[in-house]
Structures are given as structure tokens and as C-alpha cells.
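Given the structure is predicted, the values throughout are model-derived calculations rather than measurements. Just so it is clear, the values below take in all heavy atoms, side chains as well, and ignore hydrogens, waters and symmetry mates.
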Amino acid sequence: MRHVVALSVVGTDRLQASGYFRAKLAQEQLIAGGGVPYTIVRATQFFEFLSTIADGYTRGDAVYLPAIALQPVAAADVSVLLAEIATAAPTADIIEVAGPERAPLAEFTASWLGTRDDPRRISVTAERDYFGAPADDRTLVPGENPRIAPTRFDEWLAAQSQESAA
């Protein structure tokens, strides 16, 4: 059986002030209306993207982050889920996947920077946006009944540190 499996982003429908997220939603809509059985997987931000997020909010020697919640996930966990979904029956729906922990974006970023001895300091701003699109504590976290991936952030950080040391 043919089955389209598409990877998208949790919050796509809530970040429509962003051209990227408008394009992701258009992609989802085209897949849903395309006549081929499908499953769309919306994942939260990957742990691996914290570097890009930090860099995107860096000015000088500080990372100026919005006060919003994040529930990031390990990319490897999403890969396992995608393989599982690709071999299962299509759902004709959206499945959300997230990591097991929800916390402020600044906490995840500070931990990530700390394990890399990155000297940038974290500053939480009053701005409520995600790369220019209005955001709040619900924007980048899953709704009800997401799949919760097993890898905890601290476990992932420790594995990354071991890989870097090797």
C-alpha cells in the first residue's frame, strides 16, 4: 500500500506569521488533499537544533531568548517513530511527538551551552516570539495525547559530551 509519511513541526498551525511555517502548513494541506493515504508527524524542536536556535538569538556575547516553553525531542527518537509509522497503516491524520520534558527555552539552551563550555550568557527577554512569529508557552509544545519519546535531555547531553570526548 502506498503511504505518504511527512515530517512537520509542532506549532505549524500556530506560527502562521512565519513564511516557513505557512509553507509547512501548505505542504500538510497538499498531502492531506492529495488522494494518497498519509500520516503527518509533527515533531517538536530537535535537541540538535538548540545550536541553531542559540545562534539565531545571539547578539554579541549573549543569547537573547523569548520567555517561551519548549518540549524538544531527540532526532533519533523521531527517526524510530517515522520508521514505525512508515510500516504501519496510514492514519489520515496528524501525530505529534515530543520529548519527555517541558521547560523554558532558556533552560534547555543554557544547559546545552554549559556542556560545551560556550561563554555566551543567556538573557530572557520580554519579547514573545519565535524567530519573529508571535509565540507563547503553548506554541511549540504538543497538544493532547502526543507520543512522548523516551530520551531525556540530560541523557542526550551526556551522550553528546561522550561523543565529543572520543
Side-chain angles (χ1 to χ4, degrees), residues 3-34 36 38-60 62-82 84-86 90-113 118 120 122-153 156-157:
H3 179 191
V4 173
V5 178
L7 179 61
S8 193
V9 184
V10 165
T12 289
D13 53 336
R14 297 183 290 270
L15 287 162
Q16 290 297 291
S18 161
Y20 174 79
F21 289 101
R22 283 193 307 274
K24 291 302 286 181
L25 187 59
Q27 175 192 35
E28 291 178 6
Q29 291 167 339
L30 287 169
I31 290 166
V36 176
Y38 72 92
T39 303
I40 295 169
V41 177
R42 284 187 181 168
T44 56
Q45 302 302 312
F46 295 159
F47 295 153
E48 291 83 354
F49 288 168
L50 285 170
S51 171
T52 302
I53 292 169
D55 291 348
Y57 283 99
T58 295
R59 293 191 304 271
V63 183
Y64 295 91
L65 294 170
I68 58 175
L70 204 63
Q71 194 169 338
V73 65
D77 288 346
V78 176
S79 296
V80 169
L81 178 63
L82 287 170
E84 174 190 316
I85 288 169
T91 65
D93 204 357
I94 295 171
I95 295 172
E96 291 188 323
V97 61
E101 302 150 300
R102 183 179 299 189
L105 171 59
E107 283 185 29
F108 287 112
T109 307
S111 294
W112 182 85
L113 293 175
D118 190 309
R120 291 178 285 181
I122 300 289
S123 179
V124 177
T125 69
E127 296 167 15
R128 305 285 283 180
D129 74 292
Y130 186 69
F131 291 103
D136 61 29
D137 283 339
R138 295 179 314 271
T139 304
L140 294 170
V141 298
E144 293 184 24
N145 303 315
R147 300 261 187 113
I148 299 299
T151 304
R152 295 179 51 82
F153 185 62
W156 179 84
L157 279 176

Chemist: Side chain to side chain contact (heavy atoms under 4.5 Å, CB included) with R14: which of L25, T139, D136?
Modeler: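 Output: one option passes, namely T139.
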Chemist: Side chains of I53 and L105, heavy atoms from C-beta outward: is any pair under 4.5 Å?
Modeler: yes
Chemist: Show the nearest heavy-atom pair for residues A149 and D77, with the distance to one decimal.
Modeler: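 Heavy atoms of A149 and D77 come nearest at CB-OD2, 3.4 Å.
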Chemist: Within this structure, what is the CD-CG distance for the pair E28 and D13, rounded to the nearest 0.5 Å?
Modeler: 7.5 Å
Chemist: Pick out which of V141, L50, T44 makes a side chain to side chain contact (heavy atoms under 4.5 Å, CB included) with L70.
Modeler: L50
Chemist: One thing to verify: whether D55 and R120 come together as a salt bridge, which I'm taking to mean a side-chain N less than 4.0 angstrom from a carboxylate O.
Modeler: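 Counted as a salt bridge, because a side-chain N and a carboxylate O are separated by less than 4.0 Å.
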Chemist: Using a strict threshold of under 4.0 Å (side-chain N to carboxylate O), is an ion pair present between R102 and E107?
Modeler: no
Chemist: For Y20 and L15, run side chain to side chain contact (heavy atoms under 4.5 Å, CB included): C-alpha distance rounded to whole Å, both residues' side-chain angles, the deciding distance at 0.1 Å, then the answer.
Modeler: CA-CA 9 Å; Y20 174 79; L15 287 162; over 6 Å; no
Chemist: Any side-chain to backbone donor/acceptor pair from D137 onto A69? Under 3.5 Å, distance only.
Modeler: yes
Chemist: Are any of the side-chain heavy atoms of I148 and Q71 separated by less than 4.5 Å?
Modeler: yes
Chemist: Measure across L7 and A43 and return the closest heavy-atom pair with its distance rounded to 0.1 Å.
Modeler: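 Shortest heavy-atom separation between L7 and A43 comes out as CD1-CB, 4.1 Å.
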Chemist: Between V9 and R42, is any pair of side-chain heavy atoms under 4.5 Å apart?
Modeler: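 Of all side-chain heavy-atom pairs linking R42 with V9, none is under 4.5 Å.
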Chemist: Stepwise, does the side chain to side chain contact (heavy atoms under 4.5 Å, CB included) test hold for D93 with I40?
Modeler: CA-CA 6 Å; D93 204 357; I40 295 169; over 6 Å; no
Chemist: Closer than 3.5 angstrom, by distance alone: can the side chain of T39 be matched with the main-chain N or O of T91 as a donor-acceptor pair?
Modeler: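 Flag set: sc T39 to bb T91 pair under 3.5 Å.
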Chemist: Indicate the ring-plane relationship of W156 and F153, choosing parallel, tilted or perpendicular according to the 30° and 60° boundaries.
Modeler: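 Taking F153 first and then W156, their aromatic rings lie parallel (interplane angle under 30°).
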Chemist: Determine the minimum heavy-atom distance between R147 and L81, stating which atoms define it.
Modeler: NH1-CD1, 2.8 Å
Chemist: Would you check if S123 and Y64 make a side-chain contact, meaning some heavy-atom pair closer than 4.5 Å?
Modeler: yes
Chemist: Which heavy atom of V124 sits nearest to which heavy atom of A106, and what is that distance?
Modeler: CG2-CB, 3.6 Å
Chemist: Would you call R152 and E101 a salt bridge, using N to O less than 4.0 angstrom?
Modeler: yes
Chemist: Heavy atoms only: give me the nearest T12-S8 pair and the separation to one decimal.
Modeler: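 Heavy atoms of T12 and S8 come nearest at OG1-OG, 3.5 Å.
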Chemist: Evaluate I95 against I85 for side chain to side chain contact (heavy atoms under 4.5 Å, CB included), listing each step before the verdict.
Modeler: CA-CA 10 Å; I95 295 172; I85 288 169; 3.8 Å; yes
Chemist: Would you say that T109 contacts L65 through its side chain, given a criterion of any heavy-atom pair below 4.5 Å between the two side chains?
Modeler: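 SC-SC contact between T109 and L65 confirmed.
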Chemist: Between Y130 and I68, is the side chain to side chain contact (heavy atoms under 4.5 Å, CB included) condition met? List the steps.
Modeler: CA-CA 8 Å; Y130 186 69; I68 58 175; 4.1 Å; yes
Chemist: Classify the ring geometry of Y57 against F131: parallel below 30°, tilted from 30° to 60°, perpendicular beyond 60°.
Modeler: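 Aromatic pair Y57/F131 classed tilted.
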Chemist: So which atom in A6 and which in I31 form the shortest heavy-atom distance, rounded to 0.1 Å?
Modeler: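 Scanning both residues completely, I find the closest heavy atoms to be CB-CD1, 3.4 Å.
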Chemist: Does any N or O in the side chain of E96 come within less than 3.5 Å of the main-chain N or O of V41, such that one atom is a donor and the other an acceptor?
Modeler: no
Chemist: Between F108, F47, W112, which is the residue that forms a side chain to side chain contact (heavy atoms under 4.5 Å, CB included) with L157?
Modeler: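 Of the listed residues F108, F47, W112, the side chain to side chain contact (heavy atoms under 4.5 Å, CB included) partner of L157 is W112.
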